[in-house]
Amino acid sequence: ELYAAEGQMEEALGLIDKGIESDARNMSLFYRKAVYLIRMGRKQQAYAIIETALTTDFNRHTELFSYMPELKSDENVMHLVELHRVDKRK
């Protein structure tokens with residue numbers, strides 16, 4: 001988080017990736033990675049990460065909005081959330 005706060009997004013992303021390598025079931029790391037990617041302008045990559053996290057553990061998706069509340073107004077993110085919310089009801 002310190003790297004991200006200082007604008008060193010590549011370093012922050014590298015640390016997140018190491019965390020994911022150590023604990024690939026920790027969806028908090030995936031959501032944080034998605035936020036970093038969005039901040040870096042790499043939205044398509046971020047959406048793919050969000051898709052993975054939603055598929056693996058939908059119930060933690062609110063963490064994404066705690067990291068970056070403005071994503072609630074991102075149509076693509078909300079579309080992914082709604083798709084997975086519907087899938088969970090089936």
Side-chain angles (χ1 to χ4, degrees):
E1 192 65 31
L2 178 62
Y3 285 117
E6 293 179 359
Q8 298 174 332
M9 299 306 289
E10 287 295 339
E11 290 84 355
L13 200 55
L15 289 174
I16 291 290
D17 284 337
K18 285 181 182 178
I20 290 171
E21 286 176 24
S22 297
D23 185 6
R25 298 184 55 76
N26 184 340
M27 291 303 106
S28 295
L29 294 173
F30 282 77
Y31 287 123
R32 190 170 298 276
K33 180 176 181 173
V35 167
Y36 291 170
L37 288 168
I38 288 169
R39 288 182 179 157
M40 296 167 73
R42 295 161 54 182
K43 285 189 172 188
Q44 293 307 314
Q45 283 181 279
Y47 296 149
I49 296 293
I50 292 168
E51 178 91 36
T52 298
L54 289 169
T55 300
T56 305
D57 188 355
F58 176 81
N59 292 330
R60 296 186 73 112
H61 78 278
T62 56
E63 288 182 34
L64 180 64
F65 304 122
S66 69
Y67 298 141
M68 193 174 192
E70 58 269 32
L71 289 178
K72 288 182 179 180
S73 62
D74 183 307
E75 290 180 16
N76 293 312
V77 169
M78 295 312 297
H79 178 73
L80 289 171
V81 169
E82 289 307 313
L83 281 175
H84 285 82
R85 185 184 323 275
V86 169
D87 283 350
K88 298 299 175 197
R89 291 183 192 152
K90 292 180 180 179

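- Applying the salt bridge (charged side-chain N to carboxylate O under 4.0 Å, His left out) rule to D23 yields no partners; only residues at least two apart in sequence or on another chain are considered.
- Atoms CZ and CD1, from R25 and I20 in turn, are 14.0 Å apart once rounded to the nearest 0.5 Å.
- In this structure, the side chains of H61 and M27 stay at 4.5 Å or more apart for every pair of heavy atoms.
- Contact of the I16 side chain with the F30 side chain is not registered, since no non-hydrogen atoms from C-beta on lie closer than 4.5 Å.
- Not counting sequence neighbours, the partners of E63 by the salt bridge (charged side-chain N to carboxylate O under 4.0 Å, His left out) test are R60.
- Here the CD1 atom belonging to I38 is positioned 4.5 Å from the CD1 atom belonging to I50, to the nearest 0.5 angstrom.
- Minimum interatomic distance between Y47 and L80 (heavy atoms only, all atoms of both residues): O-CD1, 3.7 Å.
- Shown are R42, M9, Q44; of these, the side-chain contact (heavy atoms from CB on, under 4.5 Å) with L37 is made only by R42.
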Could you walk me through whether L71 and V35 satisfy the side chain to side chain contact (heavy atoms under 4.5 Å, CB included) test, starting with their C-alpha distance in whole Å, then the side-chain angles of each, then the deciding distance to 0.1 Å, before giving a yes or no?
CA-CA 9 Å; L71 289 178; V35 167; 4.3 Å; yes

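- Considering only residues two or more places apart in sequence or on other chains, N26 meets the side chain to side chain donor-acceptor pair (under 3.5 Å) condition with none of them.
- The two atoms that bring A34 and A46 nearest to each other are O-CB, 3.4 Å, heavy atoms only.
- Taking the charged nitrogens against the carboxylate oxygens, K18 and E21 have no contact shorter than 4.0 Å, which rules out a salt bridge.
- Looking at L13 and M40, their side chains come closer than 4.5 Å, going by heavy atoms from C-beta outward.
- Interatomic distance, CG of D74 versus NZ of K43, reported as 5.0 Å (0.5 Å rounding).
- When atom types are taken as modelled, the side chain of S73 and the backbone of E70 share a donor-acceptor pair closer than 3.5 angstrom.
- A 4.5 Å side-chain heavy-atom check between T55 and E51 finds at least one atom pair inside the cut-off.
- Evaluation of the side-chain contact (heavy atoms from CB on, under 4.5 Å) rule for K72 yields F65 as partners, not counting sequence neighbours.
- Interatomic distance, CG of L83 versus CG of L54, reported as 9.5 Å (0.5 Å rounding).
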